[in-house]
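A short write-up of the structure that comes next.
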Amino acid sequence: MALLALTDIWKRFGATQALANVDFALEAGEVHALLGANGAGKSTLSRIISGHLRPDRGSILLDGVALRHAGAREAIQSGIAMVTQETSLAPDLSVLENIMLPRIAMPGRLRWRRMRAEAAALVAELGQGAGLDLDVPVRALSIGQRQLVEILKALALDSRIIIFDEPTAPLSPHESERLFEIMRRLVARGRGLIFVSHRMEEIFTVADRVTVLREGKLVQGGLPTKGRRQGELVQLMVGRDLQDIYERATPRTPPPAGATPILRVRNLCCPPLARDVSFTVHAGEILGLAGLVGAGRSETLETIFGLRRAKSGTVELAGERFAARTPREAIRAGIGLVPEDRRGQGIVPDFSVRENLLLAHLGARAGFGLGYASRNEAVRALLALLELPERRLLDANMLNFSGGMQQKIILARWLVLSPRLLLLDEPTRGVDIGTRSSIYALLRRIAAQGVACVVVSSDFEELIGLADRITVLSDGVSVTELPSELVDIEKLGMFAAPRTSAERTHTVLEELVARHGGIAYWIAVENERVFCFDRAGDDPVADPGFTAGGFPPLAETMIAHALRAPGDAPAARLIAAPDGSRPTLLVPIRGRRGHSFGIVGLTLPAAAPGFDAAGVSAGIAAALSEAQIAHEPDARLPA
Amino acid sequence: MSAGSDVQVTTRSPGRFNVVKLLATQIELRMLLVVLVVMGVLSLISPYFLTVNNLLNVMDQSVVVGMVALGQTLVILIGGIDLSVGSLAGVTGIVLGLSFPQFGLYGGILACLAAGAFAGLVNGAIITWGRVAPFVVTLGMMSVGRSLAYVLSGANSISNLPPGLGQLSGDSLAGIPVDFYCLIAVYALCWWFLTYAKGGRTLYALGSNAEAARVAGLGIVRWGILAYVISGLMSAVAAVFLASRILSIDPIGGQGLELDAIAAVVIGGASLFGGRGSIIGTLFGVFVMVFIRNGLNLLNVSPYWQGSAIGSIIIAAVLVERLLSGARGRR
């Protein structure tokens, strides 16, 4: 018997039939994904399950017993919790109070000490112990952290059924992975999880079965994910084949050598989050800013745009010093910003689509009047470019449109002004896959017209597919800049590793150098290229031929001999170059879920006869495991 | 890559003229209807209501409240509130009375208006730059203003005003008092400003989503302060008309004006959260307020009961408004 069974569910909002004849069944001990484009009805269905909405028709059975919750509170009591898409936190209450909010709503005395201990345990379980203070008000948290509190709130209820409504949207891949681990743990304890998402790779990572909705109707119920391909699901979801969403219309052309970049940022510092950021963007180029939530990406964009003041560092716009004190100055200099929080910083809800489109025009305008008429042509051209239907659009309310459409309109707001530099902060957050691809195509077109674009995203796959080059920020410092065709998600993730974990690996490297001399480093090798994430020691005789943040071709490094040593994996022994120099030890590192976290290496200045290679390897693996970087010593290494 | 699936607009029945829908979407029309209904009811109840004398009286009364309500509308549009308007009308009236002997009629009016605008500037500057809640700042200003009115006047009323002042409300053109023309003129100007000027749209954007307006480069600080300056200025304008009508200035003048003004704005359909409202709606709201006060007087309702009646009507009006626009409402 299913843990939860919904049969023949119908729900209508005004003229919109949100759900029609939808069935859904959740077993105990499974992660069941709800998949669908925006507006497909997955949020409506999950809100019906969580008791926030009542279906017009249909039955809900929990453990075979008809469930009729009068509201979310009854749903919580019967063991159904929800992690919502738009945060439902009380901003003035502390993290602890928010996590325990459902319990505060229950009758009975509050046991604060016990609740604090439980909350602390949950935070630790999520692996966010350092980053989340239980006593700060939620108002002070970033979007990503608030989402974490939402998740903790559901976990605190210890519910039998937890609905995760796009929980990973604001999370970094690292955080998402932690969440998936926790989801697996909850499932192993016999709970049923509903996972609402439109990110394919996540569904394949975490979900056992998937139910696909399209335009309020059931397309496919309870399909096991094992053995399926992404393309199949996309086709079910969109109803047609979707080409490669990152497809490039025109081949990417490198900017001419010596050309003045549109934007050059040098050592920009805007405390507390952005500390030392440098990058350049040329006309017609899309630069990705990769990094985790809190790495200072948004703050960097906001500083360039005049929403924040830089403490130090310089910004050059087309070769000239530029320091915007207000957004207006930035806009007049030809810069546009598509902000991270669409609802909070983008949309003016009481304005029509037309006025929202012309808002930046209004901001840039010097005169007393509106000057809307002068932009009529531009607006019409833009609507055609965006494939928006003009007739219904102009006087309609913004909030009636899907997230994707809203985002297109906010983007178009800047195109009205023909900017030369466009800053985009998480441009596809909460946007379904179909609209995402059209936003990508649009950005390419904008870039092809000579606009320089800077795109911030937590979705590394998106950055790799979209950007020409990627600058990686880690804890407010730009650590490297890579051509996107050379890099993959894993390596971006390792470059972007936050200080807390980077410091631990750095300590391991420092200790190696202190004990054995030479140079220690953390690298990954792929496609004949070495990516160096970190490095310690400065003995020139032991120089491996790369520095932290570098990514030279393997053949150009000084330790090619070791990296090319026979055998599948580097063995636990010192491998010296043919001339006997630079004896090198390489120790592969594996993460919790078994995938590679690169290689920790040690290059010595000269042959060391008494060197216990196997012992040092085991020591490295143990140290990293203790630092929670690697799960356990690699099985292939002799212990 | 078709956009068809992105659009989720609830379809409207096109072409057909639909009174209910028109009323539901056009706040101004709805308010006009309310004004007409109120007039109809009052003329049925009291035969005196629709007489020329009474209507002239009502027009006169609507000028003072109307001037203040105009400034209040701008402040409420940006999501603020100005509680100090009544006190400012009091203190600027005293400024007017005290400056006639030195500066003459026009000099005195100018000094009065300058004082009102300055007080509004203080309000706006503290609220915007100091980031103090408008309620608190204007509540403080309300107290300061009334206190200054007593201090400056020595708690005496001023009555030897220049005769030219009385002409402002005494004269009439085509049977309608001059001050009423002034009221209509400033409302027309304000309507134009709110509809066709950059500053007007900025006020709406600021009230609807200040952060979005800031990112779009709109001068939200400047315009945010200006709304309070205009509110202070309009209090002074009201003080001038008040003085011209009763040809005497009392330090207690304008007391309670803030409540009538806020009520008129709210009855006129503005949202206290900001971003939504209309100046025409406010004008009709002013008429509703004045008609009802007038009607209660005509019906000889005890002044002690009038407060209850007016309070209930305000709450009922806003409740109905909320139900009517509930589908589009937020929060």
Would you tabulate the side-chain donor-acceptor contacts of residues 362-376 of chain A under 3.5 Å, counting partners in other chains and residues two or more places apart, or write 'none'?
from	atom 1	to	atom 2	distance (Å)
A/R365	NE	A/G369	O	2.9
A/R365	NE	A/L370	O	3.4
A/Y372	OH	A/E355	OE2	2.6
A/S374	OG	A/G371	O	2.6
A/R375	NE	A/H361	ND1	2.9
A/R375	NH1	A/V416	O	3.2
A/N376	OD1	A/R354	NH2	3.4

I need the [X] [atom1] to [Y] [atom2] distance, nearest 0.5 Å.
X	Y	atom1	atom2	value
B/E211	A/L307	CD	CG	7.0 Å
A/L358	B/R201	CG	CZ	11.0 Å
A/R343	B/N209	CZ	CG	7.0 Å

Open item on the list: Under a 4.5 Å cutoff for heavy-atom pairs, which residue among B/A210, B/G200, B/A205 has the most contacts with chain A?
Closed with: B/A205
Task: Segment of A/I331 engaging chain B (4.5 angstrom heavy-atom cut-off) - done: side chain
Open item on the list: Between A/I410 and chain B, with a heavy-atom cut-off of 4.5 Å, which part of the residue counts as in contact: side chain, backbone, both or neither?
Closed with: neither
Task: Close side-chain approach of B/V215 and A/F305, heavy atoms under 4.5 Å - done: yes
Open item on the list: Tell me if a side-chain donor or acceptor on B/S208 pairs with a main-chain N or O of A/V348 at a distance below 3.5 Å.
Closed with: no
Open item on the list: I'd like to know if the side chain of A/D350 and the backbone of B/G277 have a donor-acceptor N/O pair within less than 3.5 Å.
Closed with: no
- [ ] Answer yes or no: does atom CH2 of B/W129 have more than 12 heavy-atom neighbours from other residues, nucleotides or ligands under 6.0 Å?
- [x] no
TODO: Kindly give the heavy-atom pair with the smallest separation between A/L359 and B/A212, and that separation in Å.
DONE: CD2-O, 4.0 Å
Open item on the list: Counting only non-hydrogen atoms closer than 4.5 Å, can you tell me which residues of residues 417-425 of chain A sit against chain B?
Closed with: none
